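Being a predicted model, the structure only gives us computed values, none of them experimental. The first residue in the sequence is number 1, and the count goes up from there.
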Amino acid sequence: MAISAKTCAITATVGFAAAVAVLYITKDDKIETTLTGKEVKKLFDELFMQMQKCVAARAKEVQTQAAMLAQQGGTIPPKAIKAFFKQSFQTDLAGVSKAAYDEMGVTEVEVEAAVKLYEDEEDVAKSVKRLRDLYMNFAGEEDEKPLEGLEEFDLAKAMEVADCYMDSFIETMASIVASVKSQGQDVSDPAVNQSVMMAFQKMASDKADEKIMKTFGISTELFQAGLQKHQESKEMGMLMQQKQMMQQQAFMQMGLKL
């Protein structure tokens, strides 16, 4: 899909805004819900996995368009990419959320109330935060106040942390594959392959967050803000592309079908 000025200028509809609003819940004591904390966690885990697929698809669209323009000696302005990512995330989240809510037989209002009700439960809060972080990272949403430590988070540090973060994905997948094989299962089997990929989607981000915190003492929020700060860096772009290729090669060497 071509990224035009018209596409980037489209104003988010009420549906888009509502889809994103569930990530920023405000208290409303008048709203009640029958959802359990377990159901809320399951819902947001599903939304996260579905949105990861959407993010990958949208990123591929941009890569394809960028390659086409590069052949003509052109480039996509960073602001246009950011605007496209933000709008497409909202569009995709609106569709994915509606399908999930319909399947569960609940409304957006009920989900908002449930998130607020169970906000102190660690598992629920973690699942909601993971989806919010995906939105913040992909759509380029920024907090009004800069994070402490962001000013000192230079390109060299951002690349060092990103390198560690991306490597953790391979480590996590290797651990999952080893566990599956130890149970006598064959990862080349389509059903097993799918199970492995689903397990990876659930665990990868959390494991990567834990690794950079343990290694550098850097929070996920600071890391994501650092990536946004240096998103126009050619060096960072090259590093991320290189690490993604290495990840794909490593997964295939493990016998996985991507």
Next on the checklist: Any non-hydrogen side-chain atom of Val115 less than 4.5 Å from a side-chain atom of Val124?
Outcome noted: no
Item to check | Same apolar cluster (I L V M F W Y, side chains within < 4.5 Å links), Val55/Met49 | outcome: no
Next on the checklist: Quick check: do Gln201 and Phe48 have side-chain heavy atoms less than 4.5 Å from each other?
Outcome noted: no
Next on the checklist: With a 4.5 Å cut-off on side-chain heavy atoms, are Arg130 and Asp45 touching?
Outcome noted: yes
Next on the checklist: Please evaluate residues Phe85 and Val62 with respect to the criterion side chain to side chain contact (heavy atoms under 4.5 Å, CB included), reporting the C-alpha separation (whole Å), side-chain torsions for both, the decisive distance (0.1 Å), and the verdict.
Outcome noted: CA-CA 9 Å; Phe85 279 162; Val62 172; 3.3 Å; yes
Item to check | Ion pair check, Lys41 and Glu121, cut-off under 4.0 Å | outcome: no
Checklist entry - Is a donor on one side and an acceptor on the other found under 3.5 Å between the side chain of Thr64 and the backbone of Lys60? => result yes
Item to check | Ile212 versus Cys164, closest heavy-atom pair with distance | outcome: CG2-SG, 4.4 Å
Checklist entry - Just wondering, are more than 12 heavy atoms of other shown residues or ligands nearer than 6.0 Å to CD in Glu122? => result no
Checklist entry - If we only count heavy atoms from C-beta on, is the Leu134 to Phe89 side-chain gap below 4.5 Å? => result yes
Checklist entry - When rounded to the nearest 0.5 angstrom, what is the spacing between NZ in Lys234 and CG in Leu155? => result 13.0 Å
Item to check | Pair Asp92-Gln50, side chain to side chain contact (heavy atoms under 4.5 Å, CB included): steps then yes or no | outcome: CA-CA 9 Å; Asp92 293 336; Gln50 292 298 326; over 6 Å; no
Checklist entry - Do Lys38 and Asp123 sit within salt-bridge range, that is, some charged N less than 4.0 Å from a carboxylate O? => result no
Item to check | Which atom of Ser168 lies closest to which atom of Lys211, heavy atoms considered | outcome: CB-CD, 3.7 Å
Next on the checklist: Has Ser175 got a side-chain atom pairing as donor or acceptor with Glu171's backbone, closer than 3.5 angstrom?
Outcome noted: no
Checklist entry - Under a 4.0 Å N-O cut-off, is there an ion pair linking Glu39 with Lys42? => result no
Next on the checklist: For the NZ atom of Lys257 and the CD atom of Gln194, what is their distance to the nearest 0.5 Å?
Outcome noted: 13.0 Å
Checklist entry - About how many Å separate OG of Ser88 and CD1 of Ile81, when rounded to the nearest 0.5 Å? => result 11.5 Å
Checklist entry - So if you build clusters from Ile, Leu, Val, Met, Phe, Trp, Tyr with side-chain heavy-atom gaps below 4.5 Å, do Phe216 and Leu150 land together? => result yes
Item to check | Shortest non-hydrogen contact between Asp206 and Lys202, atoms and distance | outcome: OD2-O, 4.0 Å
Item to check | Close side-chain approach of Phe84 to Arg58, heavy-atom, < 4.5 Å | outcome: yes
Checklist entry - Quick one: CD on Glu112 to OG1 on Thr107, what's the gap to the nearest 0.5 Å? => result 8.5 Å
Item to check | Single-linkage hydrophobic cluster, 4.5 Å side-chain cutoff, Met252 and Val196 together | outcome: yes
Item to check | Spacing of Leu47 atom CG and Tyr101 atom OH [to the nearest 0.5 Å] | outcome: 6.0 Å
Checklist entry - Near Gln183 CD, under 6.0 Å, is it more than 12 heavy atoms from other residues, nucleotides or ligands? => result yes
Checklist outcome for this item: Output for pair (Leu93 CG, Lys98 NZ), nearest 0.5 Å, gives 13.5 Å
Checklist outcome for this item: When every non-hydrogen atom of Gly105 is compared with those of Glu110, the smallest separation belongs to O-OE1, 4.4 Å
Checklist entry - Going by heavy atoms in the side chains, are Lys207 and Phe169 under 4.5 Å from each other? => result no
Checklist entry - Between Glu119 and Val128, does a side chain to side chain contact (heavy atoms under 4.5 Å, CB included) hold up when you go through it step by step? => result CA-CA 9 Å; Glu119 65 180 351; Val128 175; over 6 Å; no
Checklist entry - Under a 4.5 Å side-chain heavy-atom rule over Ile, Leu, Val, Met, Phe, Trp and Tyr, are Met104 and Val40 clustered together? => result yes
Checklist entry - Where do Met254 and Ile170 come nearest, in terms of heavy atoms and distance? => result CE-O, 3.7 Å
Checklist entry - Just one of Ile176, Leu256, Val177 clears the side chain to side chain contact (heavy atoms under 4.5 Å, CB included) bar with Phe200, so which one? => result Ile176
Next on the checklist: For Phe153, is there any backbone N or O sitting under 3.5 Å from a side-chain donor or acceptor partner on His230?
Outcome noted: yes
Checklist entry - Are Asn193 and Met197 close enough, and set up right, to give a side chain to side chain contact (heavy atoms under 4.5 Å, CB included), and what steps lead you there? => result CA-CA 6 Å; Asn193 188 91; Met197 296 306 295; 3.9 Å; yes
Item to check | Over all atoms of both residues, closest heavy-atom pair of Tyr165 and Ala208 | outcome: CE1-CB, 3.3 Å
